[in-house]
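Reviewing the structure listed below.
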Amino acid sequence: MAEDVLAAVRTAPGRTEVRSFAMPEVPDDGALLKVEVAGICGTDVKMYGKPPFDAPVIMGHENVGTIAHAGPAFTRRHGVAEGDRVFVEHYVGCFHCEWCHAGEYRHCENTDWRTNPDARRYGYTSADNPYHLWGGFAQYMYLPWNAVLHAVPDGVSAELAGLVTPLSNGIEWALVAAGVGYDSTVLVQGPGQQGLSQVVACKQAGASTIIVAGTTRDAARLQLAKDLGADHVVDVTVEDPLTVVRDVTRGKGVDVVLDCTAGAGTAPVLLGVDALTRREGVMVVQGELAAFPDFPLKKITEKAITIKSARGHSYRSCELALAQLASARFPLDRLATHSFGLDQVDHAIRAVGGEVEEDVVHVSLLPWAGVR
Ligand SMILES: [Zn+2]
Ligand SMILES: [Zn+2]
């Protein structure tokens, strides 16, 4: 095997350097992934601009690749052979706490960098830790015994498999958290990769009305939302979204609001509260706001609205996302709009953040491209 591994390392806020690491010695119960694609999402934009700590980090938490080398104990535990293509979850649970036993390893202390400085989570863990290769913006990634793998079905390309994370979030938030099902009416706010994935999940689950809200800048994405099955799209820059929701639902409002605007302030939450049906609606939110002045708690209580947190994905939602990709029922390849090489990590993250490039939906980082 090659002696050195190239990786893009975040060294400071908004700064990346390509560095070379020695190929790690893989123990019996570990493995190495040859990274094919690392997906980039809005979280990367946030973590790149304002890193939560100073240590050098190889970012990249939505990773697909092939098993390059596996120790015998790893092979026995995971049932994978060298050459198999897998999607690797970014969570690295302890597998003995109550959350891990319940299958909810996303909540495990072992993988929560917010509360545990020694946590392991791909894309968030310092490269100073043993084995160093803890992120997908690298040619290889280290897999410990407790990495969570999913076999990528035959016929699903690495680039398509790179959509597993947003799609599994779509399934988790819309179907599991919000209970979208047959005949549900849904408002999806924000037509980025996350919002479009919610559209697919809702459509597949049988939602009867899917409304997607975006801005004039989102024109191409709103068209893609329609092509993926949205019943109505609304440009909030030119139309009042609440009027559209009321017209479309004959005054009733929607059952479910999914906020995929990530950082658009209080407006989407306030719209969501008004757009929900008079009683018992569900709103899935993402925590971008540290504070919310004049939070409409009275209205939320009177309408018996349930607020749920968008908190990643489960094992099952990843499996369902892979099955959805393999089915080719939706033109999901159209989400994969841009790809960049290892020397363009900075540009790629800024593209997701809307600073450079047009009509970006999903960006793939290809660690074997752009290196000399
Ligand atoms: Zn992500
Ligand atoms: Zn655990």
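Both ligands and their constituent atoms are indexed starting at 1 by order of listing. The residues of the chain are indexed from 1 along the displayed sequence. Just so it is clear, the model here is predicted, and its values are computed rather than measured.
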Checklist line | the Zn ion (ligand 2) - number of protein N/O/S atoms closer than 2.8 Å | finding: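 For the Zn ion (ligand 2), the figure is 4.
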Notebook entry, point to check: How would you list all residue pairs meeting salt bridge (charged side-chain N to carboxylate O under 4.0 Å, His left out) that involve residues 65-91, not counting sequence neighbours?
Noted result: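 Output for this query lists Glu36-Arg85.
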Notebook entry, point to check: Taking side chain as C-beta onward, heavy atoms only, is Asp359 less than 4.5 Å from Thr337?
Noted result: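 No; the side chains remain at least 4.5 Å from each other.
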Item checked: Neighbouring protein N, O or S atoms of the Zn ion (ligand 1), below 2.8 Å ->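 Step by step: take the Zn ion (ligand 1), keep protein N, O, S below 2.8 Å, and you get 3.
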Notebook entry, point to check: To the nearest 0.5 Å, how far apart are CG in Leu143 and CD1 in Ile67?
Noted result: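 Reported to 0.5 Å precision, the distance equals 5.5 Å.
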Next item on the list: Quick one: pull up CG in Asp44 and CZ in Arg10 and give me the separation to the nearest 0.5 Å.
Entry: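 Here the rounded value is 9.5 Å.
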Margin query: With no hydrogens and no angle check, just 3.5 Å: does a side-chain donor-acceptor pair link Tyr48 and Asp346?
Written below: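 Checked: Tyr48/Asp346 side chains pair up, N/O donor to acceptor below 3.5 Å.
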Item checked: ring pair (Phe, Tyr, Trp, His ring centres under 6.0 Å) contacts touching residues 236-279 (sequence neighbours left out) ->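 Qualifying pairs: none.
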Check: Is the Lys NZ or Arg CZ of Arg106 less than 6.0 Å from the centre of Trp99's six-membered ring, within 45° of the axis?
Finding: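 Verdict for Trp99: no cation-pi partner in Arg106.
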Margin query: Looking at Arg221 and Gly190, would you say the former's side chain and the latter's main chain have a donor-acceptor pair under 3.5 Å?
Written below: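 Such a contact is absent between Arg221 side chain and Gly190 backbone.
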Item checked: Phe53 atom CZ: more than 12 heavy-atom contacts under 6.0 Å ->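 Check passes, neighbour count above 12.
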